[in-house]
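What you see is a predicted model; the values in this text were computed from it and never measured.
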Amino acid sequence: MLQTWWELFWGFFVANILGYGGGPASIPLMQEEIVNHYHWMTTEQFGDVLAIGNALPGPIATKIAAFVGYHVAGWFGAFIATFATIVPSATALILLLRLLNKHRTSPKVKGMTLLVQPVIAVLMILLTWEFGQLSTDSIGIWQTLIIAGISLWVMTKTKLHPAILIVIAFAYGALVLSHTMYL
(Lines give C-alpha, C1' and ligand atoms only; values in the text may rest on other atoms or scores of the structure.)
Protein backbone atom coordinates (compact mmCIF):
# COMPACT_ATOMS: atom_id res chain seq x y z
CA MET A 1 0.00 0.00 0.00
CA LEU A 2 2.94 2.32 0.71
CA GLN A 3 4.03 1.86 -2.93
CA THR A 4 0.54 2.85 -4.13
CA TRP A 5 0.49 5.95 -1.91
CA TRP A 6 3.90 6.99 -3.24
CA GLU A 7 2.77 6.43 -6.84
CA LEU A 8 -0.36 8.52 -6.23
CA PHE A 9 1.71 11.32 -4.74
CA TRP A 10 4.38 11.21 -7.43
CA GLY A 11 1.97 10.85 -10.37
CA PHE A 12 -0.13 13.85 -9.35
CA PHE A 13 2.85 15.89 -8.20
CA VAL A 14 4.61 15.47 -11.56
CA ALA A 15 1.47 16.22 -13.56
CA ASN A 16 0.79 19.39 -11.60
CA ILE A 17 4.33 20.68 -11.24
CA LEU A 18 4.64 20.60 -15.05
CA GLY A 19 1.05 21.75 -15.70
CA TYR A 20 1.83 25.37 -16.46
CA GLY A 21 -1.37 27.36 -16.64
CA GLY A 22 -3.47 25.53 -14.08
CA GLY A 23 -6.01 22.73 -14.21
CA PRO A 24 -6.73 22.68 -17.94
CA ALA A 25 -3.02 22.45 -18.74
CA SER A 26 -2.58 19.70 -16.14
CA ILE A 27 -5.37 17.51 -17.52
CA PRO A 28 -3.36 15.93 -20.37
CA LEU A 29 -0.46 15.35 -17.98
CA MET A 30 -2.81 13.79 -15.42
CA GLN A 31 -4.28 11.62 -18.15
CA GLU A 32 -0.80 10.45 -19.10
CA GLU A 33 -0.07 9.41 -15.50
CA ILE A 34 -3.52 7.99 -14.69
CA VAL A 35 -4.21 6.11 -17.93
CA ASN A 36 -0.93 5.43 -19.70
CA HIS A 37 1.69 5.24 -16.95
CA TYR A 38 -0.04 3.74 -13.89
CA HIS A 39 -3.11 2.24 -15.63
CA TRP A 40 -5.46 3.25 -12.81
CA MET A 41 -8.22 3.93 -15.37
CA THR A 42 -8.99 3.53 -19.03
CA THR A 43 -9.20 6.54 -21.34
CA GLU A 44 -12.98 6.17 -21.35
CA GLN A 45 -13.15 6.18 -17.54
CA PHE A 46 -10.88 9.22 -17.42
CA GLY A 47 -13.17 10.93 -19.91
CA ASP A 48 -16.14 10.25 -17.63
CA VAL A 49 -14.28 11.66 -14.61
CA LEU A 50 -13.31 14.73 -16.63
CA ALA A 51 -16.87 15.28 -17.82
CA ILE A 52 -18.40 14.97 -14.36
CA GLY A 53 -15.59 17.02 -12.82
CA ASN A 54 -16.24 19.84 -15.30
CA ALA A 55 -19.89 19.90 -14.33
CA LEU A 56 -19.08 20.38 -10.63
CA PRO A 57 -17.89 23.62 -9.05
CA GLY A 58 -14.24 24.14 -8.15
CA PRO A 59 -10.87 23.47 -9.73
CA ILE A 60 -10.86 20.51 -12.11
CA ALA A 61 -7.40 19.23 -11.15
CA THR A 62 -8.28 18.75 -7.48
CA LYS A 63 -11.56 17.03 -8.34
CA ILE A 64 -9.79 14.58 -10.65
CA ALA A 65 -7.10 13.97 -8.02
CA ALA A 66 -9.63 13.36 -5.27
CA PHE A 67 -11.67 10.90 -7.34
CA VAL A 68 -8.72 8.97 -8.75
CA GLY A 69 -6.99 8.88 -5.36
CA TYR A 70 -10.17 7.52 -3.77
CA HIS A 71 -10.63 5.05 -6.63
CA VAL A 72 -7.08 3.74 -6.20
CA ALA A 73 -6.56 3.83 -2.41
CA GLY A 74 -9.68 5.03 -0.56
CA TRP A 75 -9.95 8.20 1.48
CA PHE A 76 -6.24 8.38 2.29
CA GLY A 77 -5.49 8.00 -1.43
CA ALA A 78 -7.86 10.90 -2.13
CA PHE A 79 -6.00 12.99 0.44
CA ILE A 80 -2.56 12.11 -0.97
CA ALA A 81 -3.52 12.80 -4.60
CA THR A 82 -5.24 16.07 -3.73
CA PHE A 83 -2.31 17.17 -1.56
CA ALA A 84 0.14 16.35 -4.38
CA THR A 85 -2.03 18.37 -6.76
CA ILE A 86 -2.18 21.44 -4.51
CA VAL A 87 1.44 21.54 -3.27
CA PRO A 88 3.12 22.41 -6.61
CA SER A 89 0.85 25.32 -7.44
CA ALA A 90 0.75 26.67 -3.89
CA THR A 91 4.54 26.49 -3.61
CA ALA A 92 5.05 27.99 -7.06
CA LEU A 93 2.59 30.77 -6.33
CA ILE A 94 4.37 31.75 -3.17
CA LEU A 95 7.93 31.47 -4.50
CA LEU A 96 7.70 32.27 -8.19
CA LEU A 97 5.25 35.13 -8.00
CA ARG A 98 7.73 37.10 -5.96
CA LEU A 99 10.47 36.32 -8.47
CA LEU A 100 8.31 37.03 -11.53
CA ASN A 101 7.06 40.31 -10.10
CA LYS A 102 10.63 41.35 -9.43
CA HIS A 103 11.63 40.59 -13.05
CA ARG A 104 8.31 41.05 -14.88
CA THR A 105 9.78 43.42 -17.48
CA SER A 106 12.58 40.98 -18.35
CA PRO A 107 12.42 39.65 -21.93
CA LYS A 108 13.49 36.23 -20.61
CA VAL A 109 10.52 36.03 -18.24
CA LYS A 110 8.13 37.16 -21.00
CA GLY A 111 9.67 34.61 -23.36
CA MET A 112 9.32 31.80 -20.84
CA THR A 113 5.64 32.45 -20.32
CA LEU A 114 4.83 32.98 -24.00
CA LEU A 115 6.78 30.11 -25.52
CA VAL A 116 5.35 27.40 -23.27
CA GLN A 117 1.83 28.12 -24.54
CA PRO A 118 2.18 26.19 -27.85
CA VAL A 119 3.28 23.10 -25.91
CA ILE A 120 0.17 23.33 -23.71
CA ALA A 121 -1.98 23.82 -26.83
CA VAL A 122 -0.56 20.63 -28.38
CA LEU A 123 -1.23 18.67 -25.17
CA MET A 124 -4.85 19.87 -25.20
CA ILE A 125 -5.23 19.01 -28.91
CA LEU A 126 -3.93 15.47 -28.30
CA LEU A 127 -6.33 14.98 -25.40
CA THR A 128 -9.20 16.30 -27.53
CA TRP A 129 -8.20 13.95 -30.36
CA GLU A 130 -8.24 10.92 -28.04
CA PHE A 131 -11.66 11.83 -26.65
CA GLY A 132 -12.94 12.43 -30.18
CA GLN A 133 -11.76 8.97 -31.22
CA LEU A 134 -13.44 7.41 -28.19
CA SER A 135 -16.66 9.22 -29.01
CA THR A 136 -16.53 8.21 -32.66
CA ASP A 137 -15.89 4.58 -31.73
CA SER A 138 -18.78 4.48 -29.27
CA ILE A 139 -21.52 6.63 -30.88
CA GLY A 140 -20.38 6.99 -34.49
CA ILE A 141 -18.88 9.75 -36.57
CA TRP A 142 -22.11 11.57 -37.45
CA GLN A 143 -23.49 11.77 -33.94
CA THR A 144 -20.05 12.87 -32.67
CA LEU A 145 -19.82 15.62 -35.30
CA ILE A 146 -23.38 16.82 -34.67
CA ILE A 147 -22.91 16.96 -30.89
CA ALA A 148 -19.50 18.62 -31.29
CA GLY A 149 -20.90 21.16 -33.76
CA ILE A 150 -23.87 22.04 -31.56
CA SER A 151 -21.58 22.29 -28.53
CA LEU A 152 -19.17 24.57 -30.36
CA TRP A 153 -22.02 26.77 -31.57
CA VAL A 154 -23.60 26.98 -28.10
CA MET A 155 -20.28 27.79 -26.40
CA THR A 156 -19.28 30.46 -28.92
CA LYS A 157 -22.65 32.07 -29.65
CA THR A 158 -24.54 31.93 -26.36
CA LYS A 159 -23.73 32.62 -22.75
CA LEU A 160 -24.81 29.13 -21.65
CA HIS A 161 -22.42 27.84 -19.02
CA PRO A 162 -20.41 24.79 -20.20
CA ALA A 163 -21.52 22.83 -17.11
CA ILE A 164 -25.14 23.11 -18.30
CA LEU A 165 -24.09 21.82 -21.71
CA ILE A 166 -22.38 18.86 -20.04
CA VAL A 167 -25.54 18.08 -18.03
CA ILE A 168 -27.61 18.27 -21.24
CA ALA A 169 -25.15 15.87 -22.92
CA PHE A 170 -25.42 13.49 -19.95
CA ALA A 171 -29.22 13.57 -20.18
CA TYR A 172 -29.13 13.04 -23.95
CA GLY A 173 -26.71 10.14 -23.49
CA ALA A 174 -28.97 8.55 -20.90
CA LEU A 175 -31.98 8.88 -23.19
CA VAL A 176 -30.17 7.55 -26.27
CA LEU A 177 -28.52 4.65 -24.44
CA SER A 178 -31.67 3.66 -22.58
CA HIS A 179 -33.65 3.83 -25.85
CA THR A 180 -31.17 1.71 -27.82
CA MET A 181 -30.81 -0.85 -25.01
CA TYR A 182 -34.50 -1.74 -25.12
CA LEU A 183 -34.88 -1.95 -28.90
Side-chain angles (χ1 to χ4, degrees), residues 1-101 109 111-135 137-138 151 155 161-163 165-167 169-170 173:
M1 187 53 86
L2 190 59
Q3 169 93 19
T4 302
W5 292 341
W6 170 250
E7 288 173 350
L8 276 170
F9 177 83
W10 187 248
F12 281 95
F13 183 83
V14 166
N16 286 283
I17 197 77
L18 299 174
Y20 179 83
S26 299
I27 292 169
L29 299 170
M30 288 177 142
Q31 190 240 5
E32 177 63 30
E33 296 296 317
I34 295 165
V35 175
N36 300 329
H37 187 242
Y38 291 109
H39 307 289
W40 292 322
M41 296 181 149
T42 65
T43 302
E44 187 174 67
Q45 290 171 321
F46 183 79
D48 292 343
V49 171
L50 182 60
I52 292 170
N54 271 317
L56 297 171
I60 187 67
T62 54
K63 291 180 282 188
I64 291 172
F67 180 81
V68 173
Y70 181 79
H71 175 74
V72 172
W75 285 108
F76 193 62
F79 172 77
I80 291 170
T82 305
F83 180 78
T85 300
I86 294 168
V87 166
S89 59
T91 303
L93 181 66
I94 293 166
L95 300 175
L96 294 177
L97 194 56
R98 291 181 69 189
L99 184 65
L100 288 175
N101 278 334
V109 170
M112 284 176 10
T113 57
L114 289 175
L115 294 179
V116 75
Q117 292 174 359
V119 174
I120 302 303
V122 168
L123 288 170
M124 297 300 285
I125 289 166
L126 290 173
L127 182 67
T128 302
W129 182 259
E130 282 187 36
F131 286 157
Q133 285 180 317
L134 270 174
S135 180
D137 292 345
S138 60
S151 299
M155 287 190 280
H161 193 282
L165 192 59
I166 289 169
V167 170
F170 273 130

Asks: Could you state the interatomic distance from CG (L126) to CD (Q31), rounded to the nearest 0.5 Å?
Replies: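 The CD atom of Q31 is 9.5 Å from CG of L126, to the nearest 0.5 Å.
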Asks: Indicate the atoms forming the closest heavy-atom contact of A51 with I166, along with that distance.
Replies: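 Heavy atoms only, the tightest pair is O-CG2, 3.5 Å.
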Asks: Ignoring hydrogens and geometry, is there a side-chain-to-backbone donor-acceptor pair from Q45 to T42 under 3.5 Å?
Replies: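 Confirmed, Q45 side chain pairs with T42 backbone.
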Asks: If I compare all heavy atoms of G69 with all of A81, which pair ends up nearest, and what's the gap?
Replies: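 Nearest pair, atom of G69 first, then A81: CA-CB, 4.0 Å.
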Asks: How close do A163 and N54 get, heavy atom to heavy atom, and via which atoms?
Replies: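 Taking every non-hydrogen atom into account, CB-O, 4.0 Å.
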Asks: Determine whether a donor-acceptor pair (N or O, by modelled atom type, separation under 3.5 Å) exists between the side chain of H37 and the backbone of I34.
Replies: no
Asks: Just by modelled atom types, is the G58 backbone N or O under 3.5 Å from a matching donor or acceptor in the K63 side chain?
Replies: yes
Asks: Any non-hydrogen side-chain atom of V68 less than 4.5 Å from a side-chain atom of F12?
Replies: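 The answer is yes, as the side chains (C-beta and beyond) meet within the 4.5 Å cut-off.
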Asks: If you draw a 6.0 Å radius around CZ in F83, do more than 12 non-hydrogen atoms from other residues or ligands fall strictly inside?
Replies: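 Atom CZ in F83 is not crowded, with 12 or fewer foreign heavy atoms closer than 6.0 Å.
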Asks: Please identify which of these residues, N16, T91, T62, meets the side-chain contact (heavy atoms from CB on, under 4.5 Å) condition with I86.
Replies: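 Going through the options one by one, the only one that passes is T62.
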Asks: For the atom pair CD (E33) and CE (M30), what is the distance rounded to the nearest 0.5 Å?
Replies: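 Rounded to the nearest 0.5 Å, the CD-CE separation comes out at 10.0 Å.
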Asks: Starting at CD of E7, measure out to CD1 of I80 and round the result to the nearest 0.5 Å.
Replies: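 These two atoms lie 11.5 Å from each other.
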Asks: What is the distance from atom CD1 of I125 to atom CD1 of I120, rounded to the nearest 0.5 Å?
Replies: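 If I round to the nearest 0.5 Å, the distance is 11.5 Å.
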Asks: Roughly how far, to the nearest 0.5 Å, is OH of Y38 from OG1 of T4?
Replies: 10.5 Å
Asks: Do I60 and L50 come within less than 4.5 Å of each other through their side chains, counting heavy atoms only?
Replies: yes
Asks: Does a side-chain heavy-atom distance below 4.5 Å link F67 with I52?
Replies: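 No; the side chains remain at least 4.5 Å from each other.
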Asks: When you measure from the side chain of H39 to the backbone N and O of V35, does any donor-acceptor pair fall under 3.5 Å?
Replies: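 Answer holds: yes.
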Asks: To the closest 0.5 Å, what do you measure between CD1 (I64) and CZ (F46)?
Replies: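 Rounded to the nearest 0.5 Å, the CD1-CZ separation comes out at 4.5 Å.
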Asks: Using the ring of each side chain (for Trp, its six-membered ring), is F76 parallel, tilted or perpendicular to W5, with breaks at 30° and 60°?
Replies: perpendicular
